[in-house]
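Below is one structure, written out as structure tokens, with a few remarks after it.
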There are 2 protein chains.
Amino acid sequence: MTSIKDVASRAGVSVATVSRVLNDSPAVRPGTRSRVIAAVADLGYRPNAVARSLRTHHTHTLGLVISDVLNPFFTELARAVEDAARARGYSVVIGNADERAALQDHHVRTLLERRIDGLLVSPTDGGNEVIRDAAAAGTPMVFVDRWIRGLDVPVVHADGRAAVHDLVAHLYALGHRRLAIIGGPSETTTGDERVGAFRAALEAYGLPLPREYTGQGDFQTESGRRATAAFLELPQPPEVIFAADNLMALGAMDELRRRGLRVPDDIALAAFDDIPWFLHTDPPVTAIAQPTGELGHRAVAALIDLVEGRSAASVTLTARLVTRRSCGESEGKSR
Amino acid sequence: MTSIKDVASRAGVSVATVSRVLNDSPAVRPGTRSRVIAAVADLGYRPNAVARSLRTHHTHTLGLVISDVLNPFFTELARAVEDAARARGYSVVIGNADERAALQDHHVRTLLERRIDGLLVSPTDGGNEVIRDAAAAGTPMVFVDRWIRGLDVPVVHADGRAAVHDLVAHLYALGHRRLAIIGGPSETTTGDERVGAFRAALEAYGLPLPREYTGQGDFQTESGRRATAAFLELPQPPEVIFAADNLMALGAMDELRRRGLRVPDDIALAAFDDIPWFLHTDPPVTAIAQPTGELGHRAVAALIDLVEGRSAASVTLTARLVTRRSCGESEGKSR
DNA sequence: ATGGCGGATGTAATCGTTACCACGGACCGC
DNA sequence: GCGGTCCGTGGTAACGATTACATCCGCCAT
């Protein structure tokens with residue numbers, strides 16, 4: 001591989017000068033500069049970011065650890081993050097935790113060894129040691145969507161409580177009284193809070209949320225299927241299933257379909273996180289939409305503030321309800 | 001940040017010894033080893049992968065440049081790639097080209113500067129200079145799904161011709177005669193070949209593929225919508241639309257829905273690339289499924305062979321047709 | 001004429017590791 | 001008892017960049 005030395009000797013200058021033109025420092029004569037540029041082109045030289053990072057102590061790279069790449073919400077988030085980062089001259093390295101704490105730790109460790117400048121994480125669990133240590137050690141860090149309580153780390157997320165309330169109102173208006181939820185792992189904030197918001201909204205309508213109507217999922221498809229099966233085997237199954245993310249909703253649909261049940265006639269369905277496919281499912285699914293793109297942009301902005309030595313505050317956006325046909329016919333507006 | 005030197009002085013040994021235990025070289029006495037390990041733990045030391053890479057000339061990292069993260073096919077591929085790589089001790093850095101050649105080049109350049117050990121790419125265009133240069137320079141490289149002709153780079157992909165033929169047979173049997181396709185950019189091999197396979201299959205049935213029935217898409221949702229709109233404005237619209245990827249199929253569904261057309265009664269729809277959502281769309285979509293996971297695994301295996309100095313050959317798997325209701329009722333088996 | 005100044009360039013230290021070589025001591029065989 | 005091996009360990013030169021500091025040179029003001 002050609003190095004800065006090769007360029008220097010070909011251009012007849014010192015490595016310092018080459019470095020200067022590469023980092024376009026003003027203090028180099030136009031003639032020299034163009035000779036260096038020519039040498040770079042001739043040799044097809046590409047600066048070695050590894051060496052550069054070793055010397056400068058920054059990598060211009062952000063780490064993003066997401067809970068599940070297969071979840072369209074997270075891939076949209078990842079995309080927004082990458083866009084925002086690139087616009088500011090940073091690249092991003094994604095780690096997919098696949099909803100497994102061990103895998104998440106693996107990625108955090110790897111990213112830390114790589115000396116990424118800052119870390120964006122949507123934690124899969126609650127009390128993570130690796131992440132705690134990193135935060136304590138002063139690694140610039142921002143949580144997106146989910147977070148870990150008790151850490152002094154800015155959080156960028158969307159508050160879904162109002163939307164959940166709207167959803168319950170919608171369901172109530174349609175005559176539904178027995179509502180069930182498939183929640184995420186209670187160690188995750190989103191797992192916890194979505195159930196909490198749902199319960200609070202139900203209370204406002206004087207509706208109970210019995211234990212057997214709170215299914216335990218892990219945000220992945222299969223758990224949605226299982227929880228749905230459990231609901232359906234109850235002596236008195238619910239009239240509505242609210243899945244706390246889109247993948248569990250997919251699982252629920254799998255199971256309903258397998259049993260030949262029709263939505264919304266036999267049972268209603270709603271989901272947290274809206275995705276393009278929900279418009280075309282049978283039937284289109286009522287969902288709570290997060291401002292995913294903005295979440296990503298804000299998170300990157302906050303993280304870069306931290307990385308560059310400024311301070312950053314948490315950001316709370318709001319999610320909104322998008323009603324479709326999956327809970328029953330009514331005003332039935334879509335999108 | 002604590003370095004190997006700090007560990008060395010705390011353990012009362014030299015940096016060389018610390019390095020030895022870190023890379024578990026056998027030549028170190030158990031007692032010394034445990035003192036070093038203790039020092040590492042006390043200090044919370046994390047090896048600096050940047051420095052290590054500078055010295056060893058490898059990063060144990062693979063680059064993966066995919067055409068579009070928002071496409072479930074590619075995210076599934078990415079996931080498989082990451083799994084396979086991790087199992088072999090490599091990490092992967094993903095670059096999302098968003099179907100734009102310029103962005104793809106940006107990522108390839110960045111990855112090359114990062115000195116990734118090898119590159120997995122699913123090219124967005126046909127004649128890429130950056131990629132050609134990299135290949136010529138001897139960067140270990142493997143193409144997945146799509147490739148660039150005329151380069152001596154192994155290709156791991158799925159042959160869809162038989163499946164396309166089956167699809168056409170299926171459509172023919174259902175009585176369809178006017179079949180249209182929304183193709184990808186002709187510079188991409190998948191764009192090109194899928195149209196070619198479709199045309200060949202039609203010929204086998206004595207069916208024409210008029211120019212106005214070959215829509216020009218770019219593998220993204222919006223282009224599928226536009227091409228569909230164009231088809232529908234023809235004096236004689238097609239009876240079937242075959243989208244060359246799932247995102248364009250989504251766009252097609254958007255447009256059909258907007259116009260109040262029903263699938264398959266008013267028009268039939270099929271897609272290349274099967275995804276979980278297709279089972280639950282209205283109606284479930286007939287699609288050609290690629291062995292995505294295996295594609296990812298094989299590609300990683302081939303790339304690592306190259307990286308580690310072995311040779312690697314191209315791999316061709318085969319795609320298969322999954323019939324659902326979107327082309328009309330018949331035997332109607334699903335999944 | 002000379003001292004001073006500033007702009008362009010070179011020299012060399014440095015970042016954190018690894019890997020090569022050297023060294024000292026223990027052990028073995030004769 | 002002595003030379004040779006082997007084993008555990010330390011010293012140190014790279015790896016490829018950046019950057020503080022030194023140097024050189026031309027020019028201007030006095």
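By convention in this document, chain letters (A, B, ...) are assigned in the order of the sequence lines, proteins followed by strands, and residues within each chain are numbered from 1. Quick note: numbers below take in every heavy atom, side chains included, and nothing from hydrogens, waters or symmetry partners.
With a heavy-atom cut-off of 4.0 Å to chain A, the contacted part of DNA chain C has its first and last nucleotide at C/dA8 to C/dG16.
Set against D/dG10, D/dT18, D/dT9, the side chain of B/Ala27 has D/dT9 as its closest nucleotide.
Between B/Arg100 and B/Asp105 there is no salt bridge, since no side-chain N of the basic residue sits under 4.0 Å from a carboxylate O of the acidic one. By the 4.0 Å N-to-carboxylate-O rule, B/Arg109 lies too far from B/Glu113 to be salt-bridged with it.
In terms of heavy atoms, A/Asp245 sits closest to A/Phe219 at OD2-O, 2.8 Å. In terms of heavy-atom proximity, B/Thr188 sits nearest to B/Thr124 at CG2-O, 3.2 Å.
We find that CZ of A/Arg29 is positioned 12 Å from P of D/dC25, with the value rounded to whole Å.
Remark: A/Ser19 is not in phosphate contact with D/dT19, judged by side-chain N or O atoms under 4.0 Å from OP1 or OP2. The shortest distance between the side-chain N/O atoms of A/Ser3 and the OP1/OP2 oxygens of D/dG16 is not below 4.0 Å. In terms of phosphate contacts, B/Thr17 brings a side-chain nitrogen or oxygen within less than 4.0 Å of OP1 or OP2 of D/dG10.
Both B/Arg115 and B/Val28 lie close to DNA chain D; mapped to their nearest nucleotides by heavy-atom distance, the more 5′-ward contact belongs to B/Val28. Residue whose closest nucleotide on DNA chain D sits further toward the 5' end, between A/Val18 and B/Ser14: B/Ser14.
Remark: side-chain polar atoms of B/Thr292 are paired, donor with acceptor, to backbone N or O of B/Gln290 under 3.5 angstrom.
Nucleic acid contact class of A/Val13 (heavy atoms, under 4.0 Å, all strands): sugar-phosphate only.
Within residues 33-57 of chain B, the residues approaching DNA chain D are B/Leu54, B/Arg55, B/His57, by heavy-atom distance under 4.0 Å.
Within a 6.0 Å sphere centred on CG of A/Asp152, other residues, nucleotides and ligands contribute 12 heavy atoms or fewer.
Between A/Ile131 atom CD1 and A/Met141 atom CE the span is 5.5 Å, to the nearest 0.5 Å.
Considering only heavy atoms from C-beta on, B/Arg52 comes within 4.5 Å of B/Asn23 through its side chain. Counting heavy atoms from C-beta on, the side chains of B/Arg146 and B/His157 never come closer than 4.5 Å.
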